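All remarks here apply to the structure that follows.
FYI, side chains are in, hydrogens and waters are out, and symmetry mates aren't considered; it's all heavy atoms of this structure. Bear in mind that the values here come from a model prediction, so they are computed numbers and not experimental data. A, B, ... follow the sequence lines: proteins, then strands. Residue 1 opens every chain.
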Number of protein chains: 2
Amino acid sequence: MIDTFKTLLGDAGVLTEPDDVAPYATDWKHTVRGAPACVLRPRNTADVAAVMRIAHERRIVIVPQGGNTGLAAGAVPDASGSQVVLSLSRMKAIQNVDPVGMTIEAEAGCILKTAQDAAADVGRLLPISLAAEGSAQIGGVVSTNAGGINVLRYGMARQLVLGLEVVQADGTVINGLRSLRKDNAGYDWKQLFIGSEGTLGIVTAAVLRLMPRPKLVVTSLLAVADPAAALRLLKLMQDELGETINAFELISGLSVKLVEEQFGQRAPLAGNGWFVLIEASANLGGLREAFENVLSRALEQAIATDGVIAESQTQAAQLWAIRERITEAELKAGRSVKHDVSVPIPALPAFLADAEASVSSGFPGARINAFGHAGDGNMHFNVLVSVDTDSAALNRSVYDLVAIHGGSISAEHGIGSYRVAELAHYRAGAELSIARLLKRSLDPKGILNSGKILGMEK
Amino acid sequence: MIDTFKTLLGDAGVLTEPDDVAPYATDWKHTVRGAPACVLRPRNTADVAAVMRIAHERRIVIVPQGGNTGLAAGAVPDASGSQVVLSLSRMKAIQNVDPVGMTIEAEAGCILKTAQDAAADVGRLLPISLAAEGSAQIGGVVSTNAGGINVLRYGMARQLVLGLEVVQADGTVINGLRSLRKDNAGYDWKQLFIGSEGTLGIVTAAVLRLMPRPKLVVTSLLAVADPAAALRLLKLMQDELGETINAFELISGLSVKLVEEQFGQRAPLAGNGWFVLIEASANLGGLREAFENVLSRALEQAIATDGVIAESQTQAAQLWAIRERITEAELKAGRSVKHDVSVPIPALPAFLADAEASVSSGFPGARINAFGHAGDGNMHFNVLVSVDTDSAALNRSVYDLVAIHGGSISAEHGIGSYRVAELAHYRAGAELSIARLLKRSLDPKGILNSGKILGMEK
C-alpha cells in the first residue's frame, strides 16, 4: 500500500517515519493518540481523487486532516494502525480574491489567517475569526462548519460558503466552485459536506463570501446582575444598533475572577454578578454616539449596573484580553470538564440556573466557569472539578438540561470522536436514521473518517 | 384510494370535484395544466405522515403544494390523472414569535405576509420579501429556497432557516424545530429539504431567523452609462455604506422605456444608458449623510451621470414602482421569453454584452428587457420576441453564455418542471449523479413530486 501511494504522490507525499507522522497522529489537545499507517500529502485535487480510488478499491480508511486544530478529535486516526491520514496542507493556493464580487477562492490547505489577510489586502473582510485562525485551514473550517467570535453578525462558516469542490469516497470529483450569490439550479449538494467532518467526502477547495470592512469599532464591557439582565441588554442593543453588533459575550463573575487570579488583570469596572463584552462596528458615523445613548439607557433602566467604552485600540484589546484569557486561566486553575452547548437565547438564564443547581448538588465543591457567545445562545459551560470527579456523570447532568431546554450538546466544536456516544444518546431516532442513510449512500464502504460522528457502522 | 383518504382526513380534507380541484391543477402562470386524482388538505403533521404512509405503500405520487405562486411549475401534478396534490394550506399556525431570540416558528401553510406581520408586531423583521408574499406560504418559501429583493443583505431563504420539521417519503416525521443559532451536533440534514422543491420530503413547519428592524431608509435612483459603471458604483457603495444596502437593482434603458410606454411613468432623472435603484437602511444616524456623500463622489468621478434621492416615502414608492412595473409592462408589450439567470458579479457586464450580441444576431428584431438584482449577480434577462420565435433556440443561446460565464440557469425561480431538460444539459455529470443518488436514497419509490428537477427516474 505504501509503495502504491509513493508511486502516486512521490516520496515527499508519503510520510511513514514515526517522528514525521507523530504530529498528525494526535489532536491539538493531545487527548487522543492514533496510529496511522502513513500520512499522505497530495499536491492537488487529482492526487486526492487518485488516493480515494485506491482507498475505495482496497477499503482503506482515509482520515482527512487540515490544520488539526479541532476540539473534538475529528481529524485523527484511531489506534488500529490501519487508518491513513490525508493531509491537505500542501494544497494551499488562493486562486482568486475579488473585491467587487466579494469572494475568495482557496484550496483546502490554505491557512484561515492567510485567507483573511488576502481579503484585507483588497479592502474586504473574511468574517470567520477564531482562536486557531493562525493554523486552521479552509478545508477544516468548512468541513467542521466552524463558528468563532463573529457568528452573531456573520453566521457560521456554512453561511459564507458559495462554492465547493469535493472528492467523494470512490474518487469522483464534484467541482462546484461557482462564485454565485444565487443558484437554485438543482439540489444544493454542497451543504452535505459542510459540517460533516470529512465523513461524507473530502473538501478540496472552496469559494467563500467576503463582506464589507467596517471602519468604525466600539468595544465595551458592562456589568449586569445576572443572565436575565444580559438578555434585556441584548434586546435593547439589537433594537437600537441593529446588525452592527459583532459580538455579545456573557462572562460569569468567576471567569473574570480566574483571569484576575491567574493573570493579575482586573476588570475596569465594578460588578459582583456577570459581565457582558460587546463589540459593534459599522461604516456609518453615529455608531459611537448611538452606543453611548444605549449604554446610558441601560444604566438608567438598571439593566446594567456599570459600563466602560474603550477609548483606544489598546483599551479595546485589554477588554478583549479578559475574555480571551479565560480558557488559559481555567487551564492553570486545575482540572475542568468542558461543555460547548447552545440553547435558544431566551432559555439561557433558566438553563444556566438549572445547570448550576444540578452541578452544585451533584458535585459538591465544583466551580462553574461559564462564559461564551450569549448573543448566539452558545455558552462554554465549563466546570472546575477535583481529580476524582466522574466526568461522564457530570456531562450527563449538564447535557440532560441542555436537552430539556431544547439545546444542542455541540454548538460549534462538532462531534468528532469525542461526542459520538452522546450524540447517539441525545439526538432523536429519526435524525440519526437519516444521518446513517446519508452515510451509507455516500460512503457505502465506510472508508471516510470512519468512527467519527456516527461511530462505526455495523 | 379516495375513500381511504376521506376516512383519514374527513370529507373536507379531500377535494375531488373538478371546480374545487382546478385551482390546484395549474400553476400561477397557467402554463401547465395537470390532472390530479384528488387534492388532500391535511390538518396537521400527523395527517401528512399518515398520507405518506399510504402513498408509500401504494406507490401514489404526492405533489406538495403551498401558495402555488412558483414560477417553475414545481407544485402542480402532471396530466396522468394519477398524481395527488397535497396542499399544506390548512396548516397555517404561527407557533411562536420571539423578539429576544429573534425567531419565528410557523407551520408550512402560513402565508409569508402573515409571518412578516407577526414579526413586525414584536419589532422584528422577517427579511424575505417577494412579489407573491401575500399568497406564498412558508413551506413553499423554504422548499424553493426563495429569493426576492433583500437577498443582497439577508441572503436566500436557506440563510434564515434555523429549524425544520419534515415528513419523509415513508411517512417518518423528522422534528428538527430547534431555535438554535449554532448547532454542530451531527449532520445538518435539514439543508437537504431546503430548495429541493418537495422531491426529497415534505416541509411541514419551520423556525426562521428574524432580524433587527432598521428605522432609517434611503432610496435612490441613479443613471449610469453601462453595467460596468454600475459595478463601480456597487463597489463604492459597499466600501462606504457596508452592509446597509438592502437592494441594488440594475435596470436597462429599455425596461424604463417600457414602463414609460405602458404606464406613462417617467424616470425622474436624465439618462440614456442604464439605471440603478438602491435602497439602504440602518438604525444609526448618519445613513442619509453618508449616502449623499457617496452619491456626490459617484457623480464627481463620473461613475453615475445623474441621481435622485427620495425625500419622502411617497417618492421612494414611486422609484420602486418603476422597478416593480417592469414585469407587467413587459407583459403588455407582447410575447417575451424569460430567463432568471445569475453570473459571478464581476462577469455581469461581459455576460450582458455577449448575450445582447448573441440575441441580436440570432434573433433579429428581438428586444432585450434586462433588469434585476445586480448586487447578487442575478438578472432577469427577458427578450421581447415575435410570435414565431423559437424559444428553445433562444434559451439555448442565452444559457450557453450563462454557462461560459460560470453562471446558473436558475438563480431564484428553481427548476420545477420547466427547466428539467436544461438542468440535465447544463449541470455537470458528477453534480447530477449525486443529486440522483440523494433522490434514490430518500425517495426510493419515486413518490415525492416525481418528474420535478431531475425528471422521471428510470
Which one, [options], leads in non-hydrogen pairs under 4.5 Å with chain A?
{"options": "Leu234(B), Asp98(B), Thr103(B)", "answer": "Asp98(B)"}
{"options": "Thr244(B), Asn175(B), Leu442(B), Leu200(B)", "answer": "Leu200(B)"}
{"options": "Arg181(B), Lys235(B), Gln191(B)", "answer": "Gln191(B)"}

Counting N and O atoms only, with roles assigned by atom type, does the side chain of [X] sit under 3.5 Å from a partner on the main chain of [Y], one being a donor and the other an acceptor?
{"X": "Asn184(B)", "Y": "Gly414(A)", "value": "no"}
{"X": "Arg178(A)", "Y": "Gly406(B)", "value": "no"}
{"X": "Gln159(A)", "Y": "Gln159(B)", "value": "yes"}

With only heavy atoms counted, which part of [X] is less than 4.5 Å from chain B, the side chain, the backbone, both or neither?
{"X": "Ile434(A)", "value": "side chain"}
{"X": "Thr144(A)", "value": "backbone"}
{"X": "Ile174(A)", "value": "both"}
{"X": "Val100(A)", "value": "both"}
{"X": "Lys190(A)", "value": "neither"}
{"X": "Val173(A)", "value": "backbone"}
{"X": "Phe291(A)", "value": "neither"}
{"X": "Leu241(A)", "value": "both"}

Where does [X] contact chain A at under 4.5 Å (heavy atoms): side chain, backbone, both or neither?
{"X": "Leu177(B)", "value": "neither"}
{"X": "Lys215(B)", "value": "side chain"}
{"X": "Leu287(B)", "value": "both"}
{"X": "Ala290(B)", "value": "side chain"}
{"X": "Arg232(B)", "value": "neither"}

Between [options], who has the most heavy-atom pairs with chain B when the cutoff is under 4.5 Å?
{"options": "Ile453(A), Leu437(A), Asp188(A), Leu152(A)", "value": "Asp188(A)"}
{"options": "Ser179(A), Gly242(A), Ala411(A), Gly285(A)", "value": "Ala411(A)"}
{"options": "Ile409(A), Asp376(A), Leu192(A), Val341(A)", "value": "Asp376(A)"}
{"options": "Ile415(A), Leu438(A), Asn283(A), Leu231(A)", "value": "Asn283(A)"}
{"options": "Arg153(A), Arg419(A), Arg213(A)", "value": "Arg153(A)"}
{"options": "Asp340(A), Ile194(A), Leu125(A), Thr199(A)", "value": "Thr199(A)"}

Quick check: closest heavy atoms across Gly407(B) and Leu180(A), and the distance to 0.1 Å?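 Taking every non-hydrogen atom into account, C-CD1, 3.7 Å.
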
Of all the residues in residues 342-350 of chain B, which have a heavy atom that comes within less than 4.5 Å of a heavy atom in chain A?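 Answer by number: Ser342(B), Val343(B), Pro344(B), Ile345(B), Pro346(B).
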
Considering only heavy atoms, give the residues of residues 160-172 of chain B separated from chain A by less than 4.5 Å, sorted numerically, with 'none' for an empty result.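 Residues of residues 160-172 of chain B touching chain A at under 4.5 Å: Gln168(B), Thr172(B).
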
Can you confirm whether more than 12 heavy atoms, excluding those of Glu292(A), are under 6.0 Å from its CD atom?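 Yes, CD of Glu292(A) has more than 12 neighbouring heavy atoms, counting only those of other groups under 6.0 Å.
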
